[in-house]
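Computed from a predicted structure; not experimentally measured.
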Protein chains: 2
Amino acid sequence: MLQSLNNLTENTKIEPCNQNCSYCFINYSEVLIRNPLFRGLSNNEVGNLIRDIHHQVKTLHKNDILAIEGDSLDNLIIILEGSVVGDMMDFEGNILRIEKILAGNTIASAFIFGESARLPVTITAQEKTHLLFIQKEELLMLFTKNKIFLKNFLDIISDRAQFLRKKIRLLGLNTIKGKIAFYLLEMVKKSGSQKLILPHTQNEIAEMFGVTRPSVGRVFRELHNDRSIIANGKKVVILDKFRLSDLLRSD
Amino acid sequence: MLQSLNNLTENTKIEPCNQNCSYCFINYSEVLIRNPLFRGLSNNEVGNLIRDIHHQVKTLHKNDILAIEGDSLDNLIIILEGSVVGDMMDFEGNILRIEKILAGNTIASAFIFGESARLPVTITAQEKTHLLFIQKEELLMLFTKNKIFLKNFLDIISDRAQFLRKKIRLLGLNTIKGKIAFYLLEMVKKSGSQKLILPHTQNEIAEMFGVTRPSVGRVFRELHNDRSIIANGKKVVILDKFRLSDLLRSD
DNA sequence: TAATGATTGTAACATATGTTACATAATTTC
DNA sequence: GAAATTATGTAACATATGTTACAATCATTA
């Protein structure tokens, strides 16, 4: 942990780009083009947008901590390569994992403005990760220069709000069994199959919902015993999708 | 309930304004001026902004339902007078009260854009309420015309995101005792006194946190018994603020 | 003011979840 | 491939919370 913080100081120093940087455009244009922030803009337009602003690139190594929940947030942060996770933690060490964020997405974009712009979560790199930073003021300038860019940003923010809404609903209205049912149904949706190899350990699932690992195991056992699923470690076969849906106290 | 829906159809019909409406400006400029959306703009500028766009005013009576969670959201909605509450409900009738919103504020502003712009909560009037609607497309136009307006909107959205973040933290990392402690400490902060007359029934508090009313009563009793508070109906005296803080698994 | 409805207090019991500990199996590292 | 580490399964017990019910008190209405 202390070592990670040291790494942060030494190896993740911001590399400022100059005014007409082509490094980012050449190296990351593919990623940026795919970013929802630039949807509907041509390569040329994206290039111009980036070149016109002061941007910075930062590299994180696996397990590096970019910032702590509550740190001030003055930039839009785009993941160029790699992935990070966002966690909430309390002083007893309990972890609530909010999200894993992949390359091509932005970090905490809904939190950049406001009377006190602070990071909602602690950001940790899951692997070697490259991040592009755009200062808030530059961002505002881009909004006035390009309406599509502005609309894209607003769309992203509202999608993020929907994500937070879903989280609140899940945490506020569901039992652990409901939460696991939600998780399994999401995995089915993602993989398009009732036969799953879960991409998370029970511990990770527990962190997603702010519960304990043995409780996660217990719920899997109960679902197995009442024939909603066949559970064998990470291998899960969904037997009764409707019964899972019924566990989910949704709309 | 059915009666409320009928009321919605008959008495809350949108009153469209014409192109140069001065009705809204004359009647609601005081409220609008105070709205964070118009912060830093002169009366003149606010008047011009409103007059230039197609806006509508809608009236709700007490207990009228404006819209159901999941309904499509095509407008920015500003509360001119009155107040509403936003609730999430599941199919078993459990209610999670997200917020009471007062005049001078906007409803679900963070959710207006996005790939599927939908209301995050069911909106119910607490009293007779006047709402101003600005269509999404008009809003976008206003952003390009007035940078201050755009910045204000972005600030509001980020404040809303912070609100949602806090909600998630509270729901995901706290026991009922922690949630009540949070509630009491918030009331102390609002009133500036350790002697409180709570503005909510136990049932309302239960809805705020998605728990049951007897559990709320139990927690009050336990806090009373361990001398953190003196609780006598809605009258609460905080005896040990630090012990309450300790119950709150916060940062 | 009396009646009615809403709120609060609380008990007994049931259910859900956390805690702790240990054994076994699976995966990763050297 | 062996050793070390991590993940999973699970039990026993403790604690937190929900459910149901009823009595007492308070607030509102006629």
Quiz item: Could you walk me through whether A:Ser228 and A:Asp226 pass the side-chain hydrogen bond (donor to acceptor under 3.5 Å, both in side chains) check?
Solution: CA-CA 6 Å; A:Ser228 301; A:Asp226 77 20; 2.7 Å; yes
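In B:Lys195, the NZ atom is not crowded: 12 or fewer heavy atoms of neighbouring residues, nucleotides or ligands sit closer than 6.0 Å.
At a threshold of 4.0 Å, the pair B:Glu186-B:Lys166 does not count as salt-bridged, since none of the basic side-chain nitrogens sits closer than that to a carboxylate oxygen. Salt bridge absent: A:Lys128 and A:Glu81 never bring a charged side-chain N and a carboxylate O closer than 4.0 Å. In summary, B:Arg213 and B:Glu207 do not engage in a salt bridge, as defined by a charged side-chain N under 4.0 Å from a carboxylate O.
Residues A:Val84 and A:Lys100 are not in side-chain contact: their nearest non-hydrogen atoms beyond the backbone lie 4.5 Å or more apart.
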Exercise. Quick one, give me the B/S/- string for nucleotides 3-21 of chain C, reading 5' to 3', where B means a protein heavy atom under 4.0 Å from the base and S means that only happens at the primed atoms, P, OP1 or OP2.
Key: ----SBBB------BBBBB
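Looking at B:Glu127 and B:Ser83, their side chains do bring a donor and an acceptor atom within 3.5 Å of each other.
Recorded end-axis angle for the helix from C:dT1-D:dA30 to C:dC30-D:dG1 stands at 60°, based on five pairs per end and rounded to 10 degrees.
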